Amino acid sequence: MRSRLTSIFRQKSTSQFLTVGLTGGLIAGYLFSKHKPIVHAESKTSIIIGERKPALPTFSMTEVAKHTTKENGYWLAYKDGVYDVSSFVENHPGGKQILKTAGKALEACWKVFTIHQIDHVYEILEEYRIGNLPPGEREANAKAQEEVLDLFQYDPERINANENFFIRSERPFNAETKPSILVSSFITPVEKFYVRNHMHVPFVNINEYKLEIGNEKSAYSLSYDDLKDKYQSYTITSAIQCSGNRRSAMNNEEQGTVQGTPWYVGAIGNGTWTGVKLRDVLESFGFDKEGKHVQFIGLDCDTSQRCYGASIPIEKALSDDVLIAYKMNDEVLTTDHGYPLRIVVPGTVGARSVKWVNRIVVSDKESDSHWQKADYKVLPSSIKQPQQVDYDREPALQEFNVQSAICYPASSEDGNKVKILSIKPNDEDIKNQKLTIKGYAVSGGGRQIQNVQISIDHGKTWFQTELEQLAQPYMGAYAWTLWTYRIPLNDLPSKPFDVMCRAMDTHANSQPDTPLGIWNIRGVMNNSWHKITLQIDQNFPKSKNQNRTD
């Protein structure tokens with residue numbers, strides 16, 4: 001089936017994909033980069049996007065298809081309209097990738113427009129209008145779009161998803177683990193491990209699957225069984241964390257709203273990963289003595305066959321730690337987590353642990369993927385509307401920073417929306433006369449967590465927590481740390497109070513108190529102190545007095 005899909009995509013002319021999908025991507029990109037809540041006056045002029053304008057010249061879809069490069073410009077067609085969006089593509093970070101988004105992008109945009117009640121939205125695309133399609137081509141293009149296969153048809157059934165996750169998007173599927181579930185076990189169960197998909201889950205015929213390893217001059221391939229049979233297997237315990245974890249906490253009135261998936265604290269998980277060392281595979285083909293970067297390309301590709309990709313420095317690739325993994329928590333990888341093979345780069349942002357990997361390339365250049373070149377970078381806080389040149393100046397993220405978060409007590413509601421959490425200590429807490437607080441901490445690059453502290457008086461006083469850690473080698477501490485602290489009930493304020501946590505690693509790296517100094521428009525690498533506000537349930541004092549022991 002995979003080969004059939006690929007064949008279908010290759011047979012479609014480029015022009016057939018430069019319609020609804022491109023238009024949807026254009027408007028989506030414009031919306032998310034430009035939109036701010038604005039109240040507009042009523043407009044007396046009604047602009048209908050894509051309808052024929054007799055005064056404009058006519059361009060066929062064959063002509064539109066010639067304009068898909070920087071040299072020729074970027075054109076697209078929607079309904080009867082032809083648009084030159086070159087300036088948008090070149091000036092918008094990731095514009096080329098956004099414009100390749102196909103399928104239901106436009107439909108999603110209209111829903112967003114409706115939700116936010118944005119006036120004059122139809123004017124956005126019309127700013128780029130240059131002409132019309134010939135009569136009859138509108139219908140032909142609409143029919144071609146209907147024939148495009150739904151790329152998401154191979155996404156798996158996600159059982160109990162709403163119980164385990166806060167779902168951030170359905171297509172592509174992005175979901176973070178609920179906080180209390182995160183700290184319920186040291187190893188995050190597969191079915192509860194957060195999911196970060198940039199596109200659809202690809203179909204893989206394991207009998208036809210090949211992993212290609214090469215450089216600019218030569219390439220070799222291994223089957224799934226070859227990889228498992230010819231190389232020694234290793235298992236490591238490592239947390240994987242999205243660089244946007246805790247992104248939503250960066251939003252503030254002074255600096256503005258950041259871009260990206262609004263993760264709370266659950267875009268992280270701790271698992272055991274079994275596979276072969278990337279170094280062993282590279283050495284076996286003689287690729288360990290050349291190149292500066294190792295690129296990974298996945299099978300999750302859009303309709304133009306532009307695939308997710310990333311790269312890491314050769315020094316990291318040749319370490320003992322990077323795996324080509326085929327098992328997660330002693331089970332064969334699930335499709336959401338990269339079946340049949342994925343890269344696991346411990347201590348590095350999750351974006352580099354490419355799922356569904358089918359090509360590994362040793363090169364003097366880093367990956368030219370959108371997600372390496374124009375995403376997952378920390379831009380200066382002064383940049384509010386970035387252009388590609390801003391991304392070109394900054395290095396791609398690799399190691400993540402020291403991080404901690406409070407996960408218990410927690411609400412079953414989205415943590416981004418809970419302002420004050422009303423709680424009633426459980427039976428064990430009442431017996432011990434202490435309120436239990438739990439969370440996780442982790443640091444990048446293999447640095448172990450040295451301590452985690454909490455405060456209930458806005459940072460005036462700090463208390464050391466109890467740590468649950470694995471015994472790991474120096475600079476090889478890739479598993480997370482779970483921590484616990486029990487606050488005496490008599491020390492709890494009767495009014496709402498804040499609980500804050502902060503962590504320090506063995507290199508004395510610590511978390512900043514607020515996100516103000518690390519704010520960036522993409523909302524990545526937020527590791528400021530985490531804070532929750534608690535309110536003891538009004539019915540609790542009676543229970544406390546009845547169970548108190550002197």
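Computed from a predicted structure; not experimentally measured. When a residue number appears, it is its place in the shown sequence, counting from 1. Values below: every heavy atom of this structure, side chains too, minus hydrogens, waters and symmetry copies.
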Handout entry: Heavy-atom check, side chain of I343 versus side chain of L323, under 4.5 Å
Key = no
Fill in the blank from the handout: Here the pair of heavy atoms bringing I383 nearest to W519 is O-CZ3, 4.0 Å
Problem - N251 CG to T257 OG1 distance, which is reported to the nearest 0.5 Å - result: 4.5 Å
Exercise for the section: I would like to know whether S363 and E216 meet side chain to side chain donor-acceptor pair (under 3.5 Å); could you show each step before the answer? Expected result: CA-CA 7 Å; S363 175; E216 283 82 358; 2.7 Å; yes
Handout entry: Residues W356, Y339; criterion ring pair (Phe, Tyr, Trp, His ring centres under 6.0 Å); working and verdict
Key = CA-CA 6 Å; W356 312 293; Y339 175 83; over 10 Å; no
Handout entry: S381 side chain to Q255 side chain, donor-acceptor N/O pair below 3.5 angstrom
Key = no
Handout entry: Separation of I240 CD1 from N245 CG (nearest 0.5 Å)
Key = 13.0 Å
Problem - Side-chain donor or acceptor of S353 paired with backbone N/O of V345 under 3.5 Å - result: yes
Problem - Backbone N/O of N526 and side chain of Q403: donor-acceptor pair under 3.5 Å - result: yes
Handout entry: Nearest-0.5 Å distance that lies between atom CD1 in I521 and atom NZ in K384
Key = 7.5 Å
Exercise for the section: Answer yes or no: is there a side-chain heavy-atom contact under 4.5 Å between S87 and Y128? Expected result: yes
Exercise for the section: Determine yes or no for a side-chain-to-main-chain donor-acceptor pair under 3.5 angstrom, with Y308 supplying the side chain and A351 the backbone. Expected result: yes
Practice task
Search all heavy atoms of V190 against all heavy atoms of E331 and return the closest pair with its distance.
Solution key: CG2-OE1, 4.1 Å
Practice task
Describe, in one word, how the ring planes of W75 and H67 are oriented to each other, choosing from parallel (under 30°), tilted (30 to 60°) and perpendicular (over 60°).
Solution key: parallel
Handout entry: Any side-chain heavy-atom pair of F173 and I167 under 4.5 Å
Key = yes
Practice task
Report the C-alpha distance between Q387 and D390 in whole Å, list the side-chain angles of each, state the deciding distance to 0.1 Å, and finish with yes or no for side chain to side chain donor-acceptor pair (under 3.5 Å).
Solution key: CA-CA 6 Å; Q387 298 184 2; D390 299 312; over 6 Å; no
Practice task
Determine yes or no for a side-chain-to-main-chain donor-acceptor pair under 3.5 angstrom, with N72 supplying the side chain and K66 the backbone.
Solution key: yes
Exercise for the section: Verify whether one side chain among E191 and N164 offers a donor that lies under 3.5 Å from an acceptor in the other. Expected result: no
Problem - Spacing of CD1 belonging to I324 relative to CH2 belonging to W273, to within rounding of 0.5 Å - result: 15.0 Å
Problem - Taking every non-hydrogen atom, the tightest pair across L278 and A317 - result: CD2-CB, 3.7 Å
Practice task
Verify, without hydrogens or angle tests, whether K178 (side chain) and N162 (backbone) share a donor-acceptor contact under 3.5 angstrom.
Solution key: yes
Problem - Contact check, side chains of R168 and Y264, non-hydrogen atoms, under 4.5 Å - result: yes
Handout entry: Close side-chain approach of S223 to Y209, heavy-atom, < 4.5 Å
Key = no
Exercise for the section: Ignoring hydrogens and angles, state whether a donor on the side chain of R171 or N174 is under 3.5 Å from an acceptor on the partner side chain. Expected result: no
Handout entry: Distance, nearest 0.5 Å, that separates OG of S221 from CZ of R359
Key = 12.5 Å
Practice task
Report the C-alpha separation of V354 and I297 in whole Å, then their side-chain angles, then the decisive distance to 0.1 Å, and conclude whether the side-chain contact (heavy atoms from CB on, under 4.5 Å) test is met.
Solution key: CA-CA 7 Å; V354 176; I297 299 94; over 6 Å; no
Problem - Verdict with supporting geometry, D364 and K292, salt bridge (Lys or Arg N to Asp or Glu O under 4.0 Å) - result: CA-CA 5 Å; D364 287 332; K292 298 178 181 179; 5.7 Å; no
Practice task
Take the angle between the ring planes of F285 and Y220 and call it parallel below 30°, perpendicular above 60°, tilted in between.
Solution key: parallel
Problem - Heavy atoms from other residues, nucleotides or ligands near CD of E413 exceed 12 (cutoff 6.0 Å) - result: no
Handout entry: Distance in Å, E176 CD paired with R196 CZ, rounded so as to fall on 0.5 Å steps
Key = 11.5 Å
Exercise for the section: Using modelled atom types only, decide if a donor and an acceptor are shared between the side chain of T188 and the backbone of G269 within a distance under 3.5 Å. Expected result: no
Practice task
Before giving the answer on side-chain contact (heavy atoms from CB on, under 4.5 Å), spell out for V322 and R279 the whole-Å C-alpha distance, their side-chain angles and the decisive distance to 0.1 Å.
Solution key: CA-CA 8 Å; V322 182; R279 182 188 65 192; over 6 Å; no
Handout entry: Close side-chain approach of F193 to T177, heavy-atom, < 4.5 Å
Key = no
Exercise for the section: Without swapping roles, check the side chain of K355 against the backbone of R342 for a donor-acceptor pair under 3.5 Å. Expected result: no
Handout entry: Heavy-atom side-chain contact between V294 and F296 under 4.5 Å
Key = yes
Fill in the blank from the handout: For L397 and V378 the tightest heavy-atom approach is CD2-CG2, 3.8 Å
Handout entry: Intermediate values then yes/no, side-chain contact (heavy atoms from CB on, under 4.5 Å), E254 and L516
Key = CA-CA 9 Å; E254 180 180 346; L516 293 178; 4.3 Å; yes
Exercise for the section: For residues Y154 and F203, establish whether the separation of their ring centroids is below 6.0 Å. Expected result: yes
Handout entry: R129 (side chain) donor-acceptor with G131 (main chain) under 3.5 angstrom
Key = yes
Problem - Test side chain to side chain donor-acceptor pair (under 3.5 Å) applied to Q372 and Q295, H293, R352, the passing residue - result: R352
Handout entry: Contact check, side chains of M199 and D302, non-hydrogen atoms, under 4.5 Å
Key = yes
Exercise for the section: Say whether, by atom type as modelled, one donor and one acceptor occur between the side chain of R158 and the main chain of D336 under 3.5 angstrom. Expected result: no
Practice task
Give a yes-or-no answer on whether the side chains of N132 and T58 include a donor-acceptor pair shorter than 3.5 Å.
Solution key: no
Problem - Where S369 and G309 come nearest, the two heavy atoms and their spacing - result: OG-O, 3.0 Å
Practice task
I would like to know whether Y83 and E126 meet side chain to side chain donor-acceptor pair (under 3.5 Å); could you show each step before the answer?
Solution key: CA-CA 8 Å; Y83 305 85; E126 287 302 317; 2.8 Å; yes
Problem - Whether D375 side chain and K373 backbone form a donor-acceptor pair below 3.5 Å - result: no
Exercise for the section: Output, in order, the C-alpha distance, side-chain angles, deciding distance and verdict of side-chain contact (heavy atoms from CB on, under 4.5 Å) for V524 and V349. Expected result: CA-CA 10 Å; V524 293; V349 295; over 6 Å; no
Handout entry: Heavy-atom closest contact (R522 atom, R247 atom, distance)
Key = O-NE, 2.9 Å
